[in-house]
Every structure is written in structure tokens, then in C-alpha cells.
Amino acid sequence: MDKFIVHGGNKLFGKVKIQSAKNSALPLIAASVIAEGKTVIENCSKIRDVLIMCEIIRSIGGKAEFVGDRLFLDTTDVNSWRLPSSLTGEIRASLFMVGALICRFGYASIERPGGCKIGERPIDIHVDALRSLGVKVDEGEEIIFSGKNVNSGLITLRFPSVGATENAMMTALKGKGVTTIKNCAKEPEIVDLQNYLNLLGAKVKGAGSSIITVEGFNKKPSGEISFEPSPDRIELGTYLFALGAVGGELEIETKSFKNLDIVLKIFKDNACKIHIINDKIYNISISGRMRSFGKITTGPYPEFPTDLQPQLVACACSAKGVTAVEEKVFEKRFGYAQELKKFGANVDVYQNLCLVSQSVLHGANVVAGDLRGGASLLICALSAEGRSEISNAVHVDRGYYKIEEKLSALGAYVKRASY
Ligand code: UD1
């Protein structure tokens with residue numbers, strides 16, 4: 001098992017490159033099964049969740065290999081619609097395989113998918129969406145989806161679930177007519193999936209809005225498809241909140257900042273200097289302490305992302321005044337706050353509301369309990385005076401590739417050690 005050892009107090013200076021979005025890469029790896037051929041995902045991060053999805057592809061007969069930061073997938077020989085529970089139990093994103101397998105084989109079978117322990121994480125919205133198209137779902141220990149003859153029609157999601165929107169899009173491709181999906185999630189990662197499916201010959205429209213239409217397709221592509229997903233707005237936001245916590249100046253190399261408006265507004269309102277150097281590089285500097293962020297409420301895109309809520313709270317520990325954070329997506333997402341208190345953080349949680357105020361932070365030994373909560377602990381450790389240890393680094397590795405190297409290159413003291 002790995003842990004991070006951090007000596008806090010250093011400001012961050014230098015250039016950091018942002019990779020393709022994890023939450024795009026994962027459904028795209030699943031969707032590559034529909035291609036029945038070769039796909040390359042560009043600028044893809046070798047994070048743990050991606051590596052597990054690659055294992056899942058291999059376990060059903062496909063190929064998945066990294067060459068540098070290009071992920072080569074070949075799903076020509078995929079021959080099974082049964083997913084191995086040893087792998088699907090590891091990540092929630094394994095659920096995306098369902099829509100892709102139904103589209104290709106008419107069937108899919110999965111045991112309860114895993115993922116971060118940040119709430120109940122039921123799959124009823126997925127199941128209801130697929131049932132709307134005539135897919136039969138047997139919910140035992142193993143969940144079997146039978147959709148040899150998928151109907152086209154109307155799906156109305158009761159909540160704009162990201163994963164259910166993506167599964168509905170892929171399943172609807174199997175129908176012969178047009179399917180309309182209402183109350184869709186509008187996340188940029190869904191636009192990436194739409195664009196990829198259209199490269200395969202599908203006619204998907206409307207991603208990024210609340211209504212998506214999907215027309216089934218017959219035409220299979222020939223040759224290799226190369227696709228670069230949008231930048232990882234959560235990775236980017238994590239570096240911004242780390243900068244906000246300790247100060248300094250970062251050059252951020254990314255294809256765009258456009259999906260992060262709500263986060264950037266916090267920094268602009270805080271008198272941080274933000275310059276675009278050219279189309280790809282942004283320079284952000286922060287001198288002195290940030291002011292509190294007022295009241296922040298998480299919600300589906302374009303609201304404040306729940307996946308940046310823990311990092312924002314860690315940053316708010318160093319900001320002047322009181323910040324109130326309301327979590328409206330995952331009911332158990334403040335679990336990490338108990339660990340933040342060990343640094344001396346003034347954090348109080350009242351069900352789905354968290355109040356955080358400027359704190360005198362000192363080093364502490366803490367345990368990461370989930371991916372973004374782990375990133376929050378790392379940010380707190382960077383701004384705390386003295387030495388900290390964060391165990392269970394594996395959670396952080398699910399979403400950040402060699403984060404200790406990236407932060408060290410910016411002047412932070414972060415080392416990885418085994419225990
Ligand atoms: C995706 C992201 C995750 C992010 C989340 C919300 C990926 C790989 N993961 O997860 O990083 O935190 O969106 O932005 O893209 N829900 C149900 N029933 C369902 C499905 C969801 O009740 O069948 C609830 C969940 O418990 C949660 C809310 O809906 O409270 C949002 O979940 P959802 O949007 O589905 O998240 P994921 O797709 O799992």
C-alpha cells in the first residue's frame with residue numbers, strides 16, 4: 001500500500017499539463033466495444049480507473065495498450081457480454097459497459113458495480129431508462145440485461161444522471177428508429193461521447209442540452225478512429241484549488257478552460273490574475289490569502305461540480321472568512337471532513353451542509369477514504385505547517401496520475417512511500 005508524505009508550506013510555481021477527462025475516457029473505453037474495431041484515445045491519463053477499464057476490455061476478448069499517453073483499443077475480437085465481478089466491483093464506470101454490450105450483442109451481465117463510497121449509488125435510473133426501450137432487466141446478485149430487440153422511443157430520466165444518460169445513449173443505438181432522451185445530464189463528457197459515437201456512424205444530437213436524440217445506425221466504420229476527449233476539468237480545478245490554498249503562480253497547459261466557468265468565477269472574484277498566454281496556456285497567479293467563497297452549492301453541470309467540492313473545502317480552510325458548502329448530488333460526500341479536522345481545520349458538517357473557516361493548519365496523519373476526498377487531504381497537507389502522511393494513496397491514484405510528481409515539479413514537497 002502507498003501513502004503520500006507531504007511537508008507543507010511551499011507555494012506552487014511552474015507549468016502543469018492537464019490530461020483528457022477521466023470521466024470522458026471511461027465511457028469512451030466502454031463505447032469502443034460498439035466500434036468493433038480500433039480506437040485511439042489521445043492524451044489519456046494512465047490513472048487507475050482507466051487501467052481497470054482496460055482490464056475489463058481485455059477480459060472480454062479486446063485489446064487495450066498504452067503507448068505514451070495514447071491509449072490503443074481494439075474491440076474486434078470482443079466475444080463476451082458477461083463482465084467479471086472481480087473487476088466491475090472495483091469501479092462504478094464498469095456500468096457504462098452495459099449500454100455498449102447491449103448495443104453490440106443484445107445482452108449484458110454485471111454484478112453490482114463499485115466506486116467511491118460517497119453515497120448509496122443506486123442504479124435505478126439506468127435500469128428504468130433501459131426498460132423504457134424494452135430491455136428486460138433481471139436484478140439478482142448478477143444483473144442480466146436482455147435487449148436483443150431494443151425499441152426506439154422516449155426515455156425520461158427522473159434525475160440528470162451522467163452515467164444513465166450515457167448508458168441510454170449507447171443502448172438507444174440498437175433501436176431502428178429515433179429515441180428521445182429527456183432530462184439528460186449536460187456534462188461536457190457527454191458531448192465527448194456523442195462526438196465519438198457520431199464518428200462511428202451514429203446520429204446523436206443535443207448532448208450538452210437536456211434533450212438528446214439518438215438514431216440507430218448500421219454503418220460500421222473502417223480504419224482506426226482517433227479521438228481526444230475534452231480536458232479533465234476536475235484535474236484542472238484540483239490544481240487551481242491547490243494554488244488557491246498555498247499561493248504562487250501556475251501556467252496551466254490545456255486545450256481549453258471553457259467548461260470550468262463556475263470555478264474560474266471564484267478565482268476572478270477573488271482578484272486572482274488570469275492571463276491567456278496563447279490558446280492553450282493560461283497563467284494564474286495568487287498572492288496573499290483568498291477571501292472566503294460565500295455559499296457554494298453543488299449540482300449537475302453547469303452548477304458547481306460535486307467532484308471539486310472536497311478540494312474547494314480544503315482551499316477554504318486557508319481563505320479569510322466563512323465558506324458554506326451545500327452538497328446536493330452525493331449524500332455522503334463530506335466523509336473526508338473528519339480527516340481535515342486532524343489538520344486543525346475549522347470544518348463543521350450538518351448533514352449535507354459544511355461550514356468552513358480560516359484555520360491554523362498543522363501537519364497530521366490522515367487516511368484517504370475516496371478519490372476526491374483524498375485530493376482534498378493532499379491540498380490541506382500542502383498548506384499545513386509541517387509534516388503530514390496521507391495513507392490509502394490508491395484512492396487518489398484512481399483519478400490523478402503520479403500526482404506527487406506533478407506537484408513536486410511545481411515546488412511542493414510530496415513523496416510517495418510504501419507501508
Ligand atoms: C458521474 C461521474 C462522477 C461524478 C458524478 C456526478 C463518471 C465516470 N463519474 O458518476 O465522477 O461525481 O457523475 O457528477 O462520469 N443516482 C441514482 N440512481 C441511479 C444513478 C444515479 O439515484 O441509477 C444518483 C446518485 O446516487 C447520485 C446522483 O444520482 O446521487 C448523480 O449520480 P450520477 O450522475 O449517475 O453519477 P455517476 O454517473 O455515477
Side-chain angles (χ1 to χ4, degrees), residues 20-31 45 47-50 52-53 56 88 90-100 110 112-132 137 139 143 145 155-171 181 183-193 207 210 229-230 232-235 237-238 259-260 262-263 297-312 326-335 352 370-376 395-396 398-400:
S20 294
K22 155 185 166 292
N23 288 352
S24 290
L26 298 174
L28 289 173
I29 295 172
S45 196
I47 48 175
R48 196 162 173 269
D49 274 13
V50 164
I52 294 172
M53 277 300 271
I56 291 176
T88 56
E90 294 266 322
I91 48 168
R92 170 88 176 172
S94 56
L95 191 55
F96 301 141
M97 295 296 297
V98 169
I110 187 171
R112 291 272 156 198
C116 276
K117 302 288 176 273
I118 52 180
E120 283 305 316
R121 310 202 80 174
I123 63 164
D124 59 302
I125 306 176
H126 298 250
V127 169
D128 288 350
L130 272 46
R131 281 189 173 139
S132 304
V137 187
E139 290 193 77
I143 310 166
F145 298 82
I155 298 175
T156 304
L157 304 177
R158 74 163 169 79
F159 178 87
S161 152
V162 175
T165 302
E166 293 169 334
N167 254 334
M169 287 162 75
M170 290 188 275
T171 304
I181 312 167
N183 198 25
C184 294
K186 300 179 197 148
E187 268 69 359
E189 293 77 22
I190 291 171
V191 179
D192 281 340
L193 179 62
S210 61
S230 50
D232 195 322
R233 58 199 168 95
I234 307 302
E235 185 191 22
T238 302
N259 300 320
L260 213 66
I262 197 156
V263 174
T297 304
T298 67
Y301 187 84
E303 293 173 50
F304 189 88
T306 174
D307 285 356
L308 279 174
Q309 175 262 97
Q311 302 87 317
L312 170 126
E326 189 181 8
E327 172 58 55
K328 289 190 93 167
V329 182
F330 290 109
E331 69 275 21
K332 289 189 187 148
R333 204 155 202 179
F334 286 123
N352 70 333
D370 67 270
L371 163 56
R372 306 302 172 186
S376 165
H395 285 299
V396 178
R398 287 191 38 222
Y400 301 90

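For this chain, numbers begin at 1 and follow the sequence in order. Counting starts at 1 for both ligands and their atoms, in listed order.
The distance from ligand 1 to the heavy atoms of His126 drops below 4.0 Å at these ligand atoms: 20 (C), 23 (O). Listed by number with element, the atoms of ligand 1 under 4.0 angstrom from any heavy atom of Phe159 are 28 (C), 29 (O), 31 (C). Those atoms of ligand 1 with a heavy atom of Thr306 less than 4.0 angstrom away are 6 (C), 12 (O), 14 (O). Ligand-side atoms of ligand 1 in range of Arg158: 17 (C), 18 (N), 22 (O), range being under 4.0 angstrom from any heavy atom. Taking every non-hydrogen atom of Phe96 and a distance limit under 4.0 Å, the qualifying atoms of ligand 1 come out as 8 (C). For ligand 1, the atoms sitting less than 4.0 Å from at least one non-hydrogen atom of Arg333 are 12 (O), numbered in the order shown with element in parentheses.
For the pair Asp192 (side chain) and Pro229 (backbone), a donor-acceptor distance under 3.5 Å is absent. Ser94 places a side-chain N or O within donor-acceptor distance of the main-chain N or O of Thr88, the cut-off being under 3.5 Å. Not one N or O on the side chain of Asp49 forms a donor-acceptor pair closer than 3.5 Å with the backbone of Ile91.
A 4.5 Å side-chain heavy-atom check between Ser24 and Val191 finds every atom pair outside the cut-off. Inter-residue side-chain proximity for Asp128 and Arg158 is flagged as unmet; no heavy-atom pair is nearer than 4.5 Å. At a threshold of 4.5 Å between non-hydrogen side-chain atoms, the residues Arg372 and Leu308 do not count as touching.
The shortest N/O to N/O separation between Lys22 and ligand 1 does not fall below 3.5 Å. The N/O atoms of Leu26, backbone and side chain alike, include none that comes under 3.5 Å of an N/O atom in ligand 1. In terms of polar-atom proximity, defined here as any N/O pair under 3.5 Å, Ile125 does make such a contact with ligand 1. Looking at ligand 1, you won't find any N or O of Glu166 less than 3.5 Å from one of its N or O atoms.
The residues Glu189 and Arg233 are annotated as salt-bridged, a charged nitrogen and a carboxylate oxygen being separated by less than 4.0 angstrom.
Partners of Ser20 by side chain to side chain donor-acceptor pair (under 3.5 Å), not counting sequence neighbours: none found.
Between Pro122, Ala164, Ser24, it is Pro122 that holds the heavy atom closest to atom 20 (C) of ligand 1. Atom 13 (O) of ligand 1 has its nearest heavy-atom neighbour, among Thr298, Leu193, Asn167, Val162, in Val162. With Asp307, Asp49, Leu371 as candidates, the residue nearest to atom 12 (O) of ligand 1 on a non-hydrogen basis is Asp307.
The side chain to side chain donor-acceptor pair (under 3.5 Å) test with Glu327 is passed by exactly one of Asn352, Thr297, Thr298: Thr298.
Here Glu189 has no heavy atoms under 4.0 Å from ligand 1, in either its backbone or its side chain.
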